There are 2 protein chains.
Amino acid sequence: MKDLTVRQQEVLGYLQLHMREHGTWPSFREIEQHFGFRSTNAVMGHIRALERKGYISRIPGQARTYRINLDLNDDSPPREALDVLEIPVYGHIAAGYPDGVETSGEIGRLQIDVESAGIRRSRRSFGLKVRGESMVDAGIFDGDTVIVEQSAPKDGDIVAALIDGETTLKRFVNKPGEPPYLKAENRRYPTLHPVAELVVQGVARAVVRHL
Amino acid sequence: MKDLTVRQQEVLGYLQLHMREHGTWPSFREIEQHFGFRSTNAVMGHIRALERKGYISRIPGQARTYRINLDLNDDSPPREALDVLEIPVYGHIAAGYPDGVETSGEIGRLQIDVESAGIRRSRRSFGLKVRGESMVDAGIFDGDTVIVEQSAPKDGDIVAALIDGETTLKRFVNKPGEPPYLKAENRRYPTLHPVAELVVQGVARAVVRHL
DNA sequence: TTTCATACTAAGCAAATGTTTAGGTGTTTT
DNA sequence: AAAACACCTAAACATTTGCTTAGTATGAAA
């Protein structure tokens with residue numbers, strides 16, 4: 001990706017800031033105000049530049065529809081010393097997470113080194129306080145904290161998925177030839193077969209249980 | 001918070017789904033289309049209901065400016081600096097806990113904040129890589145790392161105990177009137193009733209599993 | 001110098017979007 | 001039975017908001 005000018009970085013930063021603070025993207029006029037511009041066309045120029053350089057995407061004509069493209073081209077995980085990561089823990093996750101590090105709804109924080117947790121610093125991760133017994137056969141109990149990394153799920157992964165506005169933990173099954181579905185690891189719970197809208201929020205990488 | 005109707009839950013779910021998939025909130029007309037409404041006022045009704053019941057907030061007149069209110073009725077989350085502890089991990093522990101900074105036998109290190117691990121800095125703690133299946137019914141599996149704190153065991157605690165030169169994980173049972181013994185949490189394993197020399201090395205406080 | 005990119009002001013248009021008013025049909029509660 | 005509420009259609013209406021065109025200025029690159 002091409003480099004950004006100082007001003008363009010400021011604008012990009014403001015986009016993210018606004019998302020963090022308000023959970024919504026700013027309109028052109030809000031950006032204009034924030035920077036003290038006297039014309040929305042000043043905004044237009046920067047937005048176009050950011051788009052052209054690949055840092056954001058938008059849907060032309062629609063209001064407040066930004067999208068930040070984070071490049072995940074990095075490949076080599078540099079095996080350093082123990083790298084401790086601070087992870088927000090949620091009781092349940094609603095909307096707004098990926099682009100806004102929304103602290104409301106956070107019920108705690110957890111620090112663990114990346115190696116024990118099996119996560120990468122480059123990926124965004126969060127903790128999830130497990131509720132319910134649907135994963136007991138996989139050794140995940142009510143009250144456990146699961147560390148979830150935002151990445152694409154593979155068959156057999158335990159994933160945090162969004163169903164009916166609640167995030168639940170299930171095993172992701174993706175056999176060739178059939179659509180993916182979610183399976184609970186408890187005989188008493190049903191397999192959520194072809195789910196209408198399956199939104200995987202992340203893949204569980206580690207479990208921390210406080211005995 | 002008041003309960004939502006089925007339809008209202010669907011709308012709330014769609015708000016979150018759209019946020020997840022597109023990173024933006026849907027407009028009224030997008031909601032209308034998704035549910036097959038023929039009037040944006042159908043959307044208006046649901047949005048108003050969700051707002052009235054406290055599930056979302058918005059900025060009137062502005063486009064795509066939702067905000068989901070997670071109920072944070074619980075007390076204040078004290079955002080303090082977490083105290084991170086570095087813990088040596090052993091594959092097996094023979095003679096007691098090594099004094100000094102003996103790193104031989106150590107197979108790794110783990111860092112975690114004291115709160116998540118449920119340990120005190122004042123006490124000596126170490127990690128133990130679990131081998132065997134003797135504690136599966138307690139949700140501790142082969143390969144898990146257990147964080148053990150050196151302290152006196154209470155009845156029902158899971159302890160690291162020294163038996164035959166090997167440290168194993170068992171549940172400590174100490175009923176009044178009879179001598180304490182160790183019990184495996186797996187039907188296929190025997191209860192180690194009156195053990196000749198019962199040396200408890202520490203009490204398990206947390207489990208960390210790398211999925 | 002000329003050209004190009006950045007960085008803006010200014011004014012206005014048109015589409016996107018939220019909002020209102022006026023109904024209609026059920027179901028549940030009083 | 002009446003009132004209250006959930007749920008929806010229909011048609012405007014008004015604001016928000018993206019977008020365009022026109023023009024000024026500066027500094028770097030060709």
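Bear in mind that the values here come from a model prediction, so they are computed numbers and not experimental data. First the proteins, then the strands, lettered A, B, ... as listed; each starts at 1.
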Nucleotide D:dA6, atom P - distance to CE of B:M44 in whole Å
15 Å
I'd like to know if B:T5 reaches the base of D:dA6 with its side chain such that a donor and an acceptor end up less than 3.5 angstrom apart.
no
May I ask you to verify if any side-chain N or O of A:R58 is less than 4.0 angstrom from the OP1 or OP2 atom of D:dC19?
yes
Quick check: does any side chain N or O of A:R67 sit under 3.5 Å from a backbone N or O of B:G23, one acting as donor and the other as acceptor?
no
Closest-nucleotide 5' rank along DNA chain C - winner of A:Q62 and B:R48
A:Q62
Just do the side-chain contact (heavy atoms from CB on, under 4.5 Å) check on A:I158 and A:L169 with the steps written out, would you?
CA-CA 7 Å; A:I158 293 174; A:L169 218 56; 3.8 Å; yes
A:F35 CZ to C:dT6 P, straight-line distance once rounded to whole Å:
16 Å
Check: A:N41 side chain, D:dT21 base, donor-acceptor under 3.5 Å
yes
Report yes if a donor N or O on one partner sits less than 3.5 Å from an acceptor N or O on the other, where the partners are the side chain of B:T40 and the base of C:dT19; otherwise report no.
yes
A:Q33 side-chain N/O to A:E30 backbone N/O, donor-acceptor pair under 3.5 Å:
no
For the side chain of B:S27, counting heavy atoms from C-beta on, which of D:dC8, C:dG18, D:dG18 is nearest?
C:dG18
With the side chain of A:K53 defined as its heavy atoms from C-beta on, choose the nearest nucleotide among D:dT17, C:dT19, C:dT6.
C:dT6
Under a 3.5 Å distance rule, please check whether A:R209 uses its side chain to pair with a backbone N or O of A:G139 as donor and acceptor.
yes
Just call it for B:G45: base, sugar-phosphate, or nothing, with non-hydrogen atoms closer than 4.0 Å on any strand.
nothing
Need to verify one output field. Residue with the more 5' nearest nucleotide on DNA chain D, B:A49 or A:P26?
B:A49
With respect to the side chain of A:R38, which nucleotide from C:dT19, C:dT9, C:dC8 is positioned closest?
C:dT9
Judged by nearest nucleotide, the residue sitting upstream toward the 5' end of DNA chain C, B:R64 or B:S39, is B:R64
What's the closest nucleotide to the side chain of A:R29 if the choices are C:dT20, C:dG12, D:dT16?
C:dG12
Write down the distance between CD1 (B:I59) and C1' (D:dT15), rounded to a whole number of angstrom.
15 Å
Considering only C:dC8, C:dT6, D:dG18, which nucleotide approaches the side chain of A:Q8 most closely?
C:dT6
What's the verdict on salt bridge (Lys or Arg N to Asp or Glu O under 4.0 Å) for B:E10 and B:R7, showing C-alpha distance, side-chain angles and the deciding distance?
CA-CA 5 Å; B:E10 284 177 20; B:R7 203 59 162 157; 2.8 Å; yes
Interatomic distance where CH2 belongs to B:W25 and C1' belongs to C:dG18 [whole Å]
17 Å
B:F37 atom CZ is separated from C:dT25 atom P, nearest whole Å, by 19 Å
To check you understand the geometry: which heavy-atom pair defines the closest contact between A:K53 and A:Q8, and what is its length?
NZ-OE1, 3.0 Å
Quickly work out the A:E30 CD to D:dG18 C1' distance and round it to whole Å.
13 Å
Mind checking B:A42 for me? I need base, sugar-phosphate or nothing, with any heavy atom below 4.0 Å counting as a touch.
base
To the nearest angstrom, how far is B:E10 atom CD from D:dC7 atom C1'?
12 Å
In whole angstroms, the gap separating P of C:dA10 from CZ of A:F28 amounts to 19 Å
Examine D:dA6: is either OP1 or OP2 under 4.0 Å from a nitrogen or oxygen in the side chain of B:R52? Give yes or no.
yes
Would you say A:H46 places a side-chain N or O within less than 4.0 Å of OP1 or OP2 belonging to C:dA7?
yes
